[in-house]
2 protein chains.
Amino acid sequence: MSIKPTAEILGEQKVASLPINREAMALVSNLHRASSLIRQHFEALVLSTNGLHWSAFVTLWCLWIFGELPTHRLSQEVGIAKSSLSSILNDLEKRGFLVRRTPPEERRQCLVQLTAKGEQLLSDIFPRFNEEEAAILVGLTPSAMAVTTNLLRDLIAKLDEE
Amino acid sequence: MSIKPTAEILGEQKVASLPINREAMALVSNLHRASSLIRQHFEALVLSTNGLHWSAFVTLWCLWIFGELPTHRLSQEVGIAKSSLSSILNDLEKRGFLVRRTPPEERRQCLVQLTAKGEQLLSDIFPRFNEEEAAILVGLTPSAMAVTTNLLRDLIAKLDEE
DNA sequence: ACAGTACTGTTCGTTCTCGAATGATCCACC
DNA sequence: GGTGGATCATTCGAGAACGAACAGTACTGT
């Protein structure tokens, strides 16, 4: 059983007289809090060892999954501004994990791809990363996880199309 | 029905041969993405008008709900580092939304409380904020929301106690 | 051909956030 | 009653992320 934290309970009292959607409030509040804690958790336990922060890791992960990508696609997939991606790529390229190239047929674009060193890095890190993912979710029922994942997907789709 | 984005499908292929927990991967990935989009959404639509960013709003909200709080409690509730809170309080105090005071019996501490102006601000903003919360969640079933909220609460409790 | 428009990725300046170091206060103990 | 260690909040410097402005490239219509 989940126990509501004090803030939620007091919040319900405070807004009792207002036309407030409490379920929405609780969901949004917990969503952001969980995300922030997870990020800190992974950066401290798994990523910092390799000198990566969250967005840099996700960038590498996307390239690992998708193969070569143009930067504007990549920034969408990672979920960060293209300007943020640009400096991340500068760093990761300097460290030899990926390469940028300009396709001759479209010289505005910039295609990004992992190097062998980058592939190697992800083959090493990802199992460790996923192990930790599984660890923090242990004890949660598969059906609750499925419901949550689907709800988040719907939410992302709705917010993304704006 | 939720449709899996391409990255998830490709990801499943990539890791098919590894001992990977795919449900955990999908959940963590979507969780962070949704949180980030929600934050941007609210900052752009509701908070920026009042010159607030997410953490500043949550800070005010906590004080609204709890009443006067010591800063170390407040930083826990908001979920940010105490140094981050300190600069947020500097700003909000300068703008007259809250006051700090030192209790005579414990002069190391610092208690924070909303001013009348701060109370007024939240009474204005919060209904608008919650309205938008409800709007982005429209179409989701109450039971799915309840399951998600509980799962997130459990997750937060586990990560918090470390 | 050429001008205008649209699109690409990068750089720049600003803001948010954190951890480490700092300064102030309290308490336990000799 | 003074001293050392613990605890509190703040300041400081560095890193991460963003939007706006920029420079280069491609396409469109005349």
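Labels below follow one simple rule: chain letters A, B, ... track the order of the sequence lines, proteins then strands, and each chain is numbered from 1.
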>> Rounded to whole Å, please give me the gap between NE2 in His53(B) and P in dA17(D).
In response: 16 Å

>> Rounding to an integer number of Å, can you tell me how far Glu105(A) CD sits from dT8(C) P?
In response: 15 Å

> Say you draw a straight line from CG of Leu151(A) to CG of Asn30(B); how long is it, rounded to the nearest 0.5 Å?
Replying inline: 10.5 Å

> Can you give one letter per nucleotide of nucleotides 9-14 of chain C, going 5' to 3': B for a protein heavy atom under 4.0 Å from the base, S for sugar-phosphate only, - for none?
Replying inline: BBB---

> What integer distance in Å separates His32(A):NE2 from dC16(C):P?
Replying inline: 14 Å

> Yes or no on salt bridge (charged side-chain N to carboxylate O under 4.0 Å, His left out) for Asp124(B) and Arg128(B), after CA distance, side-chain angles and deciding distance?
Replying inline: CA-CA 7 Å; Asp124(B) 292 344; Arg128(B) 171 85 189 87; over 6 Å; no

>> Rounded to whole Å, how long is the line connecting atom CD of Glu43(A) with atom P of dC18(C)?
In response: 11 Å

> 5'-most contact on DNA chain D: Ala56(A) or Pro104(A), nearest heavy atom basis?
Replying inline: Ala56(A)

> In terms of the nearest nucleotide of DNA chain D, which residue is placed more toward the 5' end: Trp54(A) or Arg107(A)?
Replying inline: Trp54(A)

> Do you reckon Leu31(A) sits in the same ILVMFWY cluster as Val147(A), going by side-chain contacts under 4.5 Å, direct or chained?
Replying inline: no

> How close do Val78(B) and Ser55(B) get, heavy atom to heavy atom, and via which atoms?
Replying inline: CG1-O, 4.1 Å

> Taking atom C1' of dT10(D) as reference, at what distance in whole Å does atom NZ of Lys94(B) sit?
Replying inline: 13 Å

> Between dC16(C) atom P and Leu92(B) atom CG, what is the distance in whole Å?
Replying inline: 10 Å

> Can you tell me how far P of dA17(D) sits from CG of Leu52(A), to the nearest Å?
Replying inline: 12 Å

>> Need to verify one output field. Residue with the more 5' nearest nucleotide on DNA chain C, Ala81(B) or Glu106(A)?
In response: Glu106(A)

> Only one of Gln40(B), His41(B), Arg39(B) forms a side-chain contact (heavy atoms from CB on, under 4.5 Å) with Glu43(B), so which one is it?
Replying inline: Arg39(B)

> When the ring centroid of Phe57(A) is compared with that of Phe42(A), is the distance short of 6.0 Å?
Replying inline: no

>> Using whole Å, what does the distance between atom C1' of nucleotide dC8(D) and atom CD of Gln76(B) come to?
In response: 13 Å

> For Cys110(B), does its backbone N or O pair with a side-chain atom of Thr102(B) as donor and acceptor, under 3.5 Å?
Replying inline: no

